[in-house]
Amino acid sequence: MTYNIKDFEFIHFESIDSTNNYAKTLCKSGVKNKVIIADTQTNGRTTKKQGWISPKGNLYFSILLPLDDEKILPEYSFISALAIVESINELNSISENVVKIKWPNDVLLNKQKLCGILIEKEDDCVIIGIGVNIIYSPAPELTRYPTTNLLKNGINVDVKTLAELILKNLVSNINIRLEKGFDEIISKIVPYMYKFNDTIYISVNNQTLVGKFYGIDKSGALLL
Ligand code: BTN
């Protein structure tokens, strides 16, 4: 089974608590294949305790899909990050701009955090929540990386165009995953990884590991 972009219907809100929350509610009613997009969120959520500050002008959307195979769930963060990088590269015309994925799924534009990805499971659904800074760079406290936005880096795009472009690349990479396996996604993603082939420092259980970042394995784990 593969997806077609035409299978997805957009549901737009001027304001909502969280597009991910709404997607969860739809899932509970048996609805699938929807894209929930909002101009602002009053309770945008992140992977941490802080909220996702959501002023009007940036992109906030969630893609609601059936989760046929639970083993694929962790792979969606890589697939989503890849789709975002490809979308930004399609829009970018400035050669100095560098878009990278900081393992596992932070997208950095010129070493600054550009977006957030929140993958959640609800019943038999997966919800891919994506926020991209288009004109504002809020929430610098979320990460030790400073935040940035597209406009500041000379990339001009409106919310709807960006959402449609990311959806197109997301559907295309999900189809690659379903037809060819996660290995194919790994080989597409590795050239975009931040610090690939470089020395990195990782904190594990109060210990700092140092090594060369040389790849990603079949489970998505970082290879040091
Ligand atoms: C993170 O960086 O920790 C993830 C942030 C994810 C934010 C997006 S905005 C759209 C969707 N709805 C939410 O409530 N969160 C995600």
Side-chain angles (χ1 to χ4, degrees), residues 8-28 31-65 67 73-85 87-88 99-122 125-150 157-167 169-170 189 192-194 220:
F8 292 87
E9 186 201 350
F10 273 80
I11 302 174
H12 171 259
F13 290 92
E14 279 180 14
S15 178
I16 196 167
D17 59 341
S18 152
T19 55
N20 267 38
N21 288 355
Y22 190 78
K24 284 183 174 191
T25 311
L26 287 182
C27 173
K28 284 185 195 136
V31 177
K32 307 260 166 32
N33 293 5
K34 300 284 179 217
V35 179
I36 300 97
I37 183 162
D39 298 344
T40 62
Q41 298 181 118
T42 53
N43 187 25
R45 290 186 297 104
T46 69
T47 52
K48 305 193 179 68
K49 279 197 184 123
Q50 297 99 324
W52 187 256
I53 302 166
S54 309
K56 185 173 172 163
N58 287 343
L59 169 62
Y60 318 102
F61 76 139
S62 301
I63 299 101
L64 172 62
L65 292 169
L67 182 62
L73 187 65
E75 300 175 10
Y76 276 107
S77 29
F78 294 94
I79 293 170
S80 308
L82 177 62
I84 294 167
V85 170
S87 304
I88 306 306
V99 193
K100 290 280 176 190
I101 300 166
K102 187 178 161 289
W103 185 89
N105 70 359
D106 255 338
V107 176
L108 305 179
L109 173 55
N110 299 330
K111 300 187 181 168
Q112 301 184 316
K113 184 173 162 95
L114 178 73
C115 82
I117 300 169
L118 179 62
I119 310 289
E120 296 187 294
K121 176 186 173 316
E122 180 74 35
C125 301
V126 57
I127 293 141
I128 303 171
I130 296 175
V132 183
N133 294 342
I134 298 183
I135 59 171
Y136 299 112
S137 321
E141 77 279 9
L142 268 181
T143 166
R144 64 191 177 89
Y145 288 86
T147 52
T148 193
N149 65 67
L150 292 175
V157 64
D158 63 84
V159 172
K160 185 90 196 309
T161 305
L162 183 60
E164 284 169 351
L165 186 57
I166 294 174
L167 179 68
N169 286 317
L170 189 65
I189 222 169
Y192 294 124
M193 291 310 291
Y194 180 64

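The residues of the chain are indexed from 1 along the displayed sequence. Ligands are counted one by one from 1 in listed order, and the atoms in each one are counted from 1 as well.
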Listed partners of Lys100 passing side chain to side chain donor-acceptor pair (under 3.5 Å), at least two apart: none
Distance-only N or O hit between ligand 1 and Gln41, under 3.5 Å: yes
Interatomic distance, Asn20 atom CG to Thr25 atom OG1 [nearest 0.5 angstrom]: 10.5 Å
Minimum-distance pair of heavy atoms, taken over all atoms of Cys125 and Lys32: SG-CE, 3.2 Å
Those atoms of ligand 1 less than 4.0 Å from some heavy atom in Thr19: 10 (C), 11 (C), 12 (N)
Atom indices of ligand 1 within 4.0 angstrom of Phe61 heavy atoms, with elements: 10 (C)
Rounded distance [0.5 Å steps], SG in Cys27 versus CD in Glu122: 5.5 Å
Polar atom proximity, Thr47 to ligand 1 (N or O, under 3.5 Å): yes
Ligand 1-proximal atoms of Ile130, by part, heavy-atom distance under 4.0 Å: backbone
Asn133 side, atom CG; Cys115 side, atom SG - distance, nearest 0.5 Å: 8.0 Å
For residues 75-82, please give each side-chain donor-acceptor pair under 3.5 Å, one per line with the distance, not counting sequence neighbours.
residue	atom	partner	partner atom	Å
Glu75	OE1	Arg177	NE	2.2
Glu75	OE1	Arg177	NH2	3.4
Ser77	OG	Pro74	O	3.1
Ser80	OG	Tyr76	O	2.6

Ligand-residue contact atoms, ligand 1 with Thr46, heavy atoms, under 4.0 Å: 1 (C), 3 (O), 4 (C), 5 (C)
Under-4.0 Å heavy-atom contact with ligand 1, by part of Asn21 that carries it: neither
Polar proximity ligand 1 side, Ser18 side, N/O cut 3.5 Å exclusive: yes
Arg45 N/O under 3.5 Å from ligand 1 N/O: yes
Ligand-side contact atoms (ligand 1) for residue partner Gly116, heavy atom cut-off under 4.0 Å: 2 (O), 4 (C), 5 (C), 6 (C)
Ligand 1 atoms in contact with Gly44 (distance to a heavy atom under 4.0 Å): 14 (O)
Inter-residue atom distance Leu59.CG - Asp39.CG, 0.5 Å rounding: 10.5 Å
Heteroatom proximity flag, Lys113 to ligand 1, N/O under 3.5 Å: yes
Atoms in ligand 1 with a heavy atom of Gly131 nearer than 4.0 Å: 8 (C), 9 (S)
Interatomic spacing from CD in Glu164 to CG in Asp158 - rounded to 0.5 Å: 8.5 Å
Gap between atom CD1 of Ile36 and atom CD1 of Ile127 - 0.5 Å precision: 7.5 Å
